[in-house]
2 protein chains.
Amino acid sequence: MIQIVIAEDQRILRGALGTLLDFEEDFKVVGEAENGEKALEIINRLQPDICLLDIEMPIMSGLEVAARLYEIGASTKVIILTTFARPGYFERAIKAKVHGYLLKDGSIHDLAAAIRNVMKGKREFAAELIMNSYHEDNPLSEREREVLQLAANGKTGKEIGAELYLSAGTVRNYMSEILQKVEAKNKVEAIAICREKGWL
Amino acid sequence: MIQIVIAEDQRILRGALGTLLDFEEDFKVVGEAENGEKALEIINRLQPDICLLDIEMPIMSGLEVAARLYEIGASTKVIILTTFARPGYFERAIKAKVHGYLLKDGSIHDLAAAIRNVMKGKREFAAELIMNSYHEDNPLSEREREVLQLAANGKTGKEIGAELYLSAGTVRNYMSEILQKVEAKNKVEAIAICREKGWL
DNA sequence: CATTTCAAATGACATTTGTCACCCCTTTCC
DNA sequence: GGAAAGGGGTGACAAATGTCATTTGAAATG
């Protein structure tokens, strides 16, 4: 019996997916979460065989959960299930050594088949991704990404500095670097560009 | 037997919804569409009792389909099923005299109940909408919205002025007004706030 | 051990934002 | 007809943002 945890913020999809996968004789959906934080907690507690993670969720994204699970060496196999074929997302998923990355416009049947394959030790990636992944490399360093992330929430340079234990000047330098790298003429444009490319 | 057509572009949700609603003894899912154009065609051909429409679909949005069905006086009852509680969307749906507007974070059970109620002649609206649309009125004027929209794409004050035939100073004044109205401390935060509230 | 490399910081500077007070036209409305 | 009201504008000023050159100290590479 393959034990599954589902993390997805749209309740209707989460419920539907849970019910349908539970119908398969060899699957058992043991937990559901509506955000990344809760997903992490449930996975740690229940140690399922598979977890399905949506990317864009409140509090903690599916990619962050995947990275965390990899860090702590969890045995649960991760499958990302998302609408977005953004190369940046894919890249980050690969870095977190996920076992699958599927798109929400496959059928449930495909999903079930992919889960079984992953349990056999294979990795499953949606074909569209391989195509798209002439990935423009994310040029931003980790630090730069953090800075831009906070800036995207409307924080000022000073506030960002306080949060990351940097001086306001250093934050400005990072921002300057970021603008050069993504060829933006100001913060706002940089945010727009990075959102679109999935670098944020 | 209640005949249902589902229009939703995410295949996995469309499939799941179709299967699950079909399990109810009094429902029969007679058609599915992955975009608005196809939905319109199917509805015209099959004349189902109910159609579930997602809003953001390729080619033709669910709102456009709803408006068209109202225009031609179709007998099929329309239920909008979407992620977005944006007052603007809701308003347009009301204009098209839809019979329901539900959010994707209700449960399938709620959805089934809503469909039965609509068949009895009731109208079903997600509670969040009523709250949002009365309480959180978009405080921005048309002009202000335009300015913020352009700013969100990374344009500078000068560029925005050029595009809207305003002086850079006036653009700054608008921006200042916007910041007061949405209680943001800078552009970026204002953009984040307005995006979240669906005012953009 | 010397040499690069790199994250972080500073300081100086030019520009861009954000705030404010006040002006100039039209409309609109007692 | 005169008072508001509202869209658009100006100029002045402070604060934040963006650019750059330069410094420091701690790895990493050789």
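The chains referred to below are lettered A, B, ... by the order of the sequence lines, with proteins before strands, and numbering in each begins at 1. Only this structure's heavy atoms are used, side chains among them; waters, hydrogens and symmetry mates stay out.
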Salt bridge or not between B/K104 and B/E8? Use side-chain N to carboxylate O under 4.0 Å.
yes
What's [X] touching, base or sugar-phosphate or nothing? Going by heavy atoms closer than 4.0 Å.
X	value
A/N173	base
A/K187	sugar-phosphate
A/G157	sugar-phosphate

Where the side chain of B/L166 is concerned, which of D/dG8, C/dT19, D/dT19 is the nearest nucleotide?
D/dG8
Measuring from the side chain of B/Y174 (C-beta onward, heavy atoms only), which nucleotide among C/dT19, D/dT17, D/dG8 has the closest atom?
D/dG8
Check whether B/Y101 forms a cation-pi arrangement with B/R123 (NZ or CZ under 6.0 Å from the six-membered ring centre, at most 45° off the ring normal).
no
For [N] and [X] - does any side-chain N or O of the residue sit under 4.0 Å from the phosphate oxygens OP1/OP2?
X	N	value
B/T170	D/dG9	yes
A/S167	C/dA8	no
A/S176	D/dT19	yes
B/R143	D/dG6	no

Rounded distance (Å) that lies between atom [atom2] of [N] and atom [atom1] of [X]:
X	N	atom1	atom2	value
B/R172	D/dT17	CZ	C1'	14 Å
A/E177	D/dA21	CD	P	12 Å
A/Y165	C/dA8	OH	P	14 Å
A/L179	C/dT16	CG	C1'	13 Å
B/M175	D/dG8	CE	P	15 Å

Along DNA chain D (nearest heavy atom to each residue), the more 5'-positioned of A/A184 and A/K158:
A/K158
Atom pair NE2/CD1 of A/H109 and B/I12 - distance to nearest 0.5 Å
12.5 Å
Under the side-chain hydrogen bond (donor to acceptor under 3.5 Å, both in side chains) rule, collect the residues that match up with B/S176, sequence neighbours excluded.
none
Evaluate the salt bridge (Lys or Arg N to Asp or Glu O under 4.0 Å) criterion for residues B/E71 and B/R68: first the C-alpha distance (whole Å), next the side-chain angles of each, then the deciding distance (0.1 Å), finally the verdict.
CA-CA 5 Å; B/E71 266 173 44; B/R68 193 83 193 87; 2.8 Å; yes
